[in-house]
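Supplied in structure tokens, the structure appears directly below.
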Amino acid sequence: QVQPVESGGGLVQAGGSLRLSCAASGRISAAYIVAWFRQAPGKEREFVAAVRLSVGSTDYADSVKGRFTVSRDNAKNTVYLQMNNLKPEDTAVYFCGASTHSTRVAGDFGFWGQGTQVSVSS
């Protein structure tokens, strides 16, 4: 089973940038959509952004639109999340998951990694 590994998190000041990576241990079918979700303490896992591996089309939550960019490198089995102009409310553990459905519901995704912590100080 393909297992993704998230990396790239860290501590930054508000207004800073980070680039997260979601690297799969094997090839993921182009039929999949890979999405980033985040989960803050005491909150549910929420949708952040997604990319369809076949054509590269993207989808963003309103809260990150214009600040975050999701992209994929199919040759490297890796999906990226470039996060600019970070805000304290972006603080969370970020996870990537894969689904064959065009959805923003975490329960519809599988192949979750262990997550990477993003902390933004004010």
Side-chain angles (χ1 to χ4, degrees):
Q1 179 172 319
V2 174
Q3 186 68 37
V5 177
E6 301 95 336
S7 62
L11 173 64
V12 296
Q13 291 187 331
S17 298
L18 286 171
R19 189 176 82 152
L20 305 184
S21 297
C22 170
S25 58
R27 182 180 178 277
I28 300 177
S29 168
Y32 276 87
I33 293 168
V34 175
W36 287 95
F37 285 75
R38 64 189 181 187
Q39 189 165 18
K43 294 188 176 181
E44 293 187 352
R45 193 168 294 192
E46 66 170 352
F47 172 81
V48 176
V51 60
R52 184 177 291 273
L53 296 183
S54 57
V55 296
S57 55
T58 57
D59 184 26
Y60 297 94
D62 288 344
S63 59
V64 306
K65 198 171 294 183
R67 300 188 297 123
F68 291 11
T69 302
V70 62
S71 61
R72 93 283 193 223
D73 185 334
N74 289 344
K76 295 183 178 180
N77 299 319
T78 302
V79 170
Y80 304 98
L81 184 67
Q82 177 67 43
M83 305 187 296
N84 298 327
N85 190 22
L86 282 160
K87 303 177 180 180
E89 51 264 42
D90 294 319
T91 295
V93 178
Y94 284 68
F95 300 88
C96 63
S99 175
T100 55
H101 304 291
S102 179
T103 172
R104 295 185 173 189
V105 178
D108 292 334
F109 284 79
F111 306 115
W112 295 106
Q114 83 291 345
T116 185
Q117 176 70 48
V118 171
S119 299
V120 184
S121 62
S122 57

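Predicted model only: the values in this text are computed from it and were never measured.
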Can you find a heavy atom in the side chain of Val34 that is under 4.5 Å from one in the side chain of Arg72?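 Counting from C-beta outward, Val34 and Arg72 never come under 4.5 Å.
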So do Ile28 and Asn77 actually touch side chain to side chain, heavy atoms under 4.5 Å?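 No. Closest side-chain heavy atoms not under 4.5 Å.
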Can you list the other members of the hydrophobic cluster that holds Phe109, where links are side-chain heavy atoms under 4.5 angstrom apart?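 So far as hydrophobic clustering goes, Phe109 is joined with Phe37, Phe47, Val93, Phe95, Trp112.
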Are Ile33 and Phe111 linked, directly or through intermediate hydrophobic residues, by side-chain heavy-atom contacts shorter than 4.5 Å (ILVMFWY only)?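 The answer is no; the residues belong to distinct hydrophobic clusters.
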Are any of the side-chain heavy atoms of Arg67 and Met83 separated by less than 4.5 Å?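 Counting from C-beta outward, Arg67 and Met83 never come under 4.5 Å.
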In residues 16-24, what donor-acceptor pairs under 3.5 Å come from side-chain atoms, sequence neighbours left out?
from	atom 1	to	atom 2	distance (Å)
Ser17	OG	Asn84	OD1	2.9

Restricting to side-chain hydrogen bond (donor to acceptor under 3.5 Å, both in side chains), what partner residues turn up for Glu89, sequence neighbours left out?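 Here no residue qualifies.
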Once side-chain hydrogen bond (donor to acceptor under 3.5 Å, both in side chains) is applied, do any residues pair with Arg45, and if so which ones, sequence neighbours excluded?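 Scan of Arg45 (side-chain hydrogen bond (donor to acceptor under 3.5 Å, both in side chains), adjacent residues dropped) gives Gln39.
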Verify same cluster id: Val51, Val64 (apolar side-chain graph, 4.5 Å):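 Result: yes, single cluster for both.
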Under the side-chain hydrogen bond (donor to acceptor under 3.5 Å, both in side chains) test, which residues partner Ser119, sequence neighbours left out?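 Checked Ser119 against side-chain hydrogen bond (donor to acceptor under 3.5 Å, both in side chains); matches are Gln117.
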Roughly how far, to the nearest 0.5 Å, is the OH atom of Tyr32 from the NE2 atom of His101?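 Here the rounded value is 9.0 Å.
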Report the residues that fulfil side-chain contact (heavy atoms from CB on, under 4.5 Å) with Lys65, sequence neighbours left out, ordered by chain and then residue number.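 Applying side-chain contact (heavy atoms from CB on, under 4.5 Å) to Lys65 gives Tyr60, Asp62.
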